[in-house]
Every structure is written in C-alpha cells, then in structure tokens.
Amino acid sequence: SSADRDPDRVETTYHGPDYRAALSGAWGPPDPLLNPDPFHPPRLYLRVVAILQWLLPQLFRIRVEGLENLPREGPFIIASNHQAWYDPALLLLALPRLPMIYSMARRDTVFNRGWKRAIVSRLGVFAIAPAEGELDLTGLASVYHVLSRGGRVLIFPEGRYSKGRR
C-alpha cells in the first residue's frame, strides 16, 4: 500500500522520446529470442529459479539486504557490480520468481553457439552487440520492450567482470 512507502521516495516511469521510438519500431525490432511475456516465462526459467532458490541457501550462508528499496510491483532496472559469472544466479535468489528477470549478454561470447542461444534465451538473457562508441539500438529496444511489458532488467553497467574494488 502507499502508506508503507517512504513519503520522500518519488517513483516515475520513463516515457521519453527514445522509449517511444524503441516501442514504435523506429529502432528496429527487439531481439527475436526475447520472451514476450515476463509474467509467463519459459518452463526452464521457472525450474532453474526454483532450484537456485532452494539449492543456494543449502550450500551458502546468504544474506539479502535492501529489498525494501525495490518497488514491489511494476517494471524496473537492477544495476549491479559484476564480480563473477554466477552473479545473476545470486541476484535471482533474492528476487521473486515473477515477473521474469531479463539480462543481456554479449552476442559474440554468450550467443556464439546454437546450444548456448537455445538455453540462455529461455533464461531471460538477450543478446547485445556493443561496439566502442556505438549504441546497440536493438539491445536498447529490447530493454524498453521488457520494461513496457512490466518486466525487470538486470544490467551490469561495467559490461564485464570487475577487476576489484577501487
């Protein structure tokens, strides 16, 4: 309820010109492998998340902090440091199963084999092809499409594993 929310917190949904351009198709279509409905993810996604949410607490002492800072409903972006390949699994552990959490990965490394494309696309991962100094419009259009459908997007702004704290 709104009474439970911090009165100083302002929640907004962005609907600027680039958002409208992406949804109108002006930037081209979103990634064709993108799951269209974040509230009806593929069975593989649901199974993997259920296994992670059961298994990881059995193997590790995990403490989740700060969930009160996330919106309870609606779309949002989760920005995180990227320390290792398993970061998305740990983040999925802390978040509800629905709506689906989408993430992006480099086309040239994660989507470079047919079997990898088949698996990771069912786990909510979509391809991006960043070029130095260039914006990947298909990747950005995919993010806007996910958000417009009520989904949540996990991003690692560094774009690769962190080299350590500084």
Side-chain angles (χ1 to χ4, degrees), residues 1-6 9-16 18-20 22-25 27 29-107 110-111 115-128 136 138-159:
S1 79
S2 60
D4 298 335
R5 303 229 181 221
D6 179 356
R9 182 177 178 161
V10 176
E11 293 186 26
T12 60
T13 303
Y14 178 73
H15 292 285
D18 50 343
Y19 175 87
R20 292 190 304 274
L23 294 185
S24 74
W27 292 355
D31 187 304
L33 298 177
L34 191 67
N35 182 67
D37 185 354
F39 293 93
H40 295 94
R43 282 189 218 136
L44 179 63
Y45 176 88
L46 293 172
R47 287 181 182 137
V48 167
V49 171
I51 290 168
L52 290 173
Q53 289 180 334
W54 175 81
L55 181 63
L56 291 177
Q58 307 297 319
L59 299 173
F60 306 102
R61 284 181 291 192
I62 297 173
R63 186 179 74 228
V64 177
E65 296 178 3
L67 288 179
E68 68 278 2
N69 296 313
L70 294 177
R72 290 192 185 119
E73 48 190 51
F76 58 83
I77 294 174
I78 305 152
S80 176
N81 290 341
H82 202 3
Q83 301 293 320
W85 63 268
Y86 49 79
D87 293 335
L90 291 172
L91 289 163
L92 283 174
L93 172 70
L95 299 165
R97 287 185 196 172
L98 293 175
M100 185 174 184
I101 307 296
Y102 294 80
S103 185
M104 56 190 81
R106 290 181 60 97
R107 183 178 307 280
V110 177
F111 288 84
W115 66 270
K116 287 168 46 173
R117 270 192 306 277
I119 292 171
V120 298
S121 64
R122 287 182 178 91
L123 295 175
V125 181
F126 58 91
I128 58 168
D136 178 5
T138 301
L140 191 55
S142 297
V143 169
Y144 284 138
H145 276 269
V146 167
L147 296 173
S148 74
R149 297 169 185 162
R152 292 154 184 193
V153 179
L154 168 62
I155 64 169
F156 298 106
E158 296 163 287

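Every residue two or more places apart in sequence or in another chain that forms a side chain to side chain contact (heavy atoms under 4.5 Å, CB included) with Ile155 is listed here: Ile77, Ala79, Met104, Val153, Pro157. With sequence neighbours left out, His15 forms a ring-ring contact (aromatic ring centres under 6.0 Å, His included) with Tyr19.
By the neighbour-count criterion of 12 heavy atoms within 6.0 Å, atom CZ of Phe39 is densely surrounded, having more than that number from other residues, nucleotides or ligands.
Taking CG of Leu52 as the start and CG of Leu59 as the end, the distance is 10.5 Å to the nearest 0.5 Å. Atom-to-atom distance recorded for Ile78:CD1 and Ile101:CD1 is 4.0 Å, nearest 0.5 angstrom. Atoms CG and CZ, on Leu91 and Arg152 in that order, are 13.5 Å from each other to the nearest 0.5 Å. Once rounded to the nearest 0.5 Å, the distance linking OG of Ser148 with CG of Leu23 reads 4.5 Å. Taken to the nearest 0.5 Å, the CZ atom of Arg122 stands 12.0 Å off from the CZ atom of Arg117. The structure places CZ of Arg106 at 10.0 Å from CG of Asp136, a figure rounded to the nearest 0.5 Å.
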Step by step, would you call Leu90 with Phe60 a side-chain contact (heavy atoms from CB on, under 4.5 Å)? CA-CA 11 Å; Leu90 291 172; Phe60 306 102; 5.5 Å; no
Does the pair Arg43 and Val48 meet the rule for a side-chain contact (heavy atoms from CB on, under 4.5 Å), with working shown? CA-CA 9 Å; Arg43 282 189 218 136; Val48 167; over 6 Å; no
Determine whether Phe76 and Leu70 satisfy the following criterion, side-chain contact (heavy atoms from CB on, under 4.5 Å), listing intermediate values before the conclusion. CA-CA 8 Å; Phe76 58 83; Leu70 294 177; 4.0 Å; yes
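Using a 4.5 Å heavy-atom threshold, the side chains of Pro30 and Thr138 count as separate. Between Met100 and Tyr45, the closest side-chain pair of non-hydrogen atoms falls below 4.5 Å. Looking at heavy atoms from C-beta onward, Tyr144 lies in side-chain contact with Asp18 at the 4.5 angstrom threshold.
Closest of all the heavy-atom pairs between Gly139 and Ile128 is CA-CG2, 3.9 Å. For the residue pair Ser80 and Phe156, the shortest heavy atom distance occurs at O-CD2, 3.3 Å. When all heavy atoms are compared, the tightest approach of Pro41 to Asn35 is CA-ND2, 3.8 Å. Gly150 and Pro38 get closest at one heavy-atom pair: C-CG, 4.1 Å. Shown here for Leu140 and Trp27, the closest heavy-atom pair between the two residues is CD2-CZ3, 3.4 Å. Heavy atoms only, all atoms of each residue included: Pro36 and Tyr102 are closest at C-OH, 4.5 Å.
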Return a table of donor-acceptor pairs under 3.5 angstrom between the side chains of residues 92-99 and protein atoms on other chains or two or more places apart.
| unit_1 | atom_1 | unit_2 | atom_2 | d |
| --- | --- | --- | --- | --- |
| Arg97 | NE | Gln53 | OE1 | 3.0 |

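Between the side chain of Ser142 and the main chain of Asp31, a donor-acceptor pair closer than 3.5 Å is present.
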